[in-house]
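Since the structure comes first, as structure tokens, the remarks are kept for the end.
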Amino acid sequence: MRATLKRALPFIAVLLVASILAACSSSTTTTSGSSSSSNSSSSSGGLKKGLKVFVIPKNLGNNYFTTADSAKTGGAIAALQALGETGTETSGTAATPASQIPAIQAAIAKGANVLIVSATDPTALCPTLKSAMARGITVITYDSDAPTCRDLFINQASTAQIGTSEVDLLAKEIHSTGDISIVSAAATATNQNAWIGYMKSEMAKYPNMKLVSTVYGNDDPPTATQVTEGLLEKYPNLKGIISPTTVGILAAAQVVSTPKWKGKVIVTGLGTPDEMKTYVANGVAPAFILWNPANLGYLAAYAAVNMASKKITGAAGQTFTAGKLGKYTIGADNTVLLGPPTVFNSSNVNNFNF
């Protein structure tokens with residue numbers, strides 16, 4: 001609602017917005033704040049309440065995004081509940097633009113005030129997201145960016161640090177020698193390709209290591225398993241696999257744990273502790289990296305509400321507070337950095353549960 005109208009008709013405006021949002025929320029299946037006052041604007045100078053926020057991961061049924069988004073894990077929906085917003089997680093079942101775009105379009109049609117999106121493609125989503133922005137909808141990307149069609153990007157860690165760390169971890173395990181390969185997610189995934197770019201640059205530090213192939217499992221367990229098996233058959237002397245995707249690293253570790261390959265190939269990449277504990281213990285994946293996905297979703301939600309409330313504009317140097325995570329500063333290119341990645345290994349992996 002326009003600020004001038006608020007000043008002119010304060011009581012009527014607040015009551016009208018409350019009535020409209022209450023009616024809209026009653027027709028959708030969502031997770032929302034508990035009090036009826038959440039469907040009105042907050043007091044002057046505060047964050048807006050009653051915003052309809054749609055969290056749209058690359059795909060549903062992906063444990064990483066379940067952790068990042070859900071109220072149970074303390075992810076994005078938990079933050080939205082705490083802020084008095086109406087939060088709904090929705091997406092397609094495949095990590096592709098064709099599957100994700102209809103979910104974005106449906107959210108817009110349902111009256112979204114905010115979209116929090118993990119982009120399956122850096123450009124394919126843009127016509128839809130730009131249409132949302134033209135309607136005044138705040139668009140935040142998290143995990144994977146669409147740089148030209150969002151207001152703010154919540155980056156899980158330094159892109160360079162993620163890519164180089166994975167190569168360094170594998171080099172340590174295989175004594176910086178041998179053929180390696182990459183099992184990525186989708187060929188169009190913005191974050192995957194950026195990390196792989198830094199991996200390739202980091203390989204220059206290890207002249208006795210050779211990247212022989214990059215394959216794509218599309219964040220689909222059967223596909224990731226199939227392409228990993230194909231790699232191992234095509235390159236029987238392979239020494240290591242890097243998979244910068246939680247679906248891919250789990251599939252690769254499962255394949256390499258079979259008698260034919262165990263002890264011959266080392267796996268690393270980005271994984272969740274709960275899924276990878278077995279493979280740390282059996283030596284297939286002695287070390288891997290990640291951040292806390294729930295914190296990523298939580299931060300994205302706080303940033304989104306601050307942006308929709310006009311408390312920040314996305315300009316470099318602006319700050320905001322993200323609840324339990326504390327204060328954050330917006331960096332270059334309208335980007336907020338969650339923090340450095342964590343290395344998980346036998347010394348600490350059992351201390352985490354996500």
Side-chain angles (χ1 to χ4, degrees), residues 55-69 91-104 115-129 139-150 153-167 181-201 211 213-228 231 241-252 268-272 288-291 293 296-297 300 333 335 337-338 341:
V55 183
I56 307 175
K58 288 181 182 176
N59 60 317
L60 298 177
N62 181 325
N63 185 60
Y64 170 84
F65 286 113
T66 299
T67 302
D69 298 345
S91 193
T93 56
T96 64
S99 183
Q100 191 179 35
I101 287 172
I104 299 172
L115 301 176
I116 301 175
V117 181
S118 181
T120 51
D121 187 282
T123 58
L125 307 185
C126 280
T128 305
L129 294 180
V139 175
I140 305 295
T141 52
Y142 74 124
D143 175 72
S144 184
D145 198 13
T148 63
C149 48
R150 46 73 170 167
F153 172 47
I154 311 304
N155 194 0
Q156 49 269 60
S158 161
T159 301
Q161 196 172 18
I162 293 170
T164 58
S165 294
E166 292 172 83
V167 172
S181 62
I182 296 170
V183 177
S184 185
T188 59
T190 316
N191 54 353
Q192 299 282 308
N193 290 333
W195 297 332
I196 290 170
Y198 281 105
M199 288 181 204
K200 291 178 177 178
S201 297
L211 177 62
S213 183
T214 300
V215 296
Y216 301 94
N218 297 323
D219 271 347
D220 174 66
T223 304
T225 298
Q226 183 179 18
V227 298
T228 300
L231 271 177
I241 294 173
I242 299 174
S243 186
T245 160
T246 58
V247 175
I249 192 175
L250 178 60
T268 193
L270 305 181
T272 60
F288 62 95
I289 67 171
L290 199 66
W291 43 92
L296 179 65
D333 302 319
T335 296
L337 194 64
L338 175 63

Where do Asn63 and Thr272 land on the side-chain contact (heavy atoms from CB on, under 4.5 Å) test, with the steps shown first? CA-CA 9 Å; Asn63 185 60; Thr272 60; 3.9 Å; yes
If you measure only the distance, is there a donor-acceptor pair under 3.5 Å linking the side chains of Tyr64 and Asp219? no
For residues Thr245 and Leu270, determine if any side-chain heavy atom of one lies less than 4.5 Å from a side-chain heavy atom of the other. no
Donor-acceptor pair, distance only, cut-off 3.5 Å: does the side chain of Ser91 make one with the backbone of Pro57? yes
Go through the side-chain N and O atoms of Gln100 and Asn59 and say whether any donor and acceptor fall under 3.5 Å apart. no
Take the angle between the ring planes of Trp291 and Trp195 and call it parallel below 30°, perpendicular above 60°, tilted in between. tilted
For Tyr198, I'd like to know if atom OH has over 12 heavy atoms of other residues, nucleotides or ligands within 6.0 Å. no
Quick check: do Leu115 and Ile140 have side-chain heavy atoms less than 4.5 Å from each other? no
From Leu337 CG over to Phe153 CZ, what is the distance, rounded to the nearest 0.5 angstrom? 9.0 Å
Under 4.5 Å between any side-chain heavy atoms of Ser144 and Gln192, yes or no? no
Mind checking whether Asn62 and Thr246 have side chains closer than 4.5 Å, heavy atoms only? yes
Side-chain contact, heavy-atom cut-off 4.5 Å: Val117 with Arg150? no
Determine whether a donor-acceptor pair (N or O, by modelled atom type, separation under 3.5 Å) exists between the side chain of Asn191 and the backbone of Asp143. yes
Applying side-chain contact (heavy atoms from CB on, under 4.5 Å), run through Asp220 and Val247 and close with a yes or a no. CA-CA 7 Å; Asp220 174 66; Val247 175; 5.9 Å; no
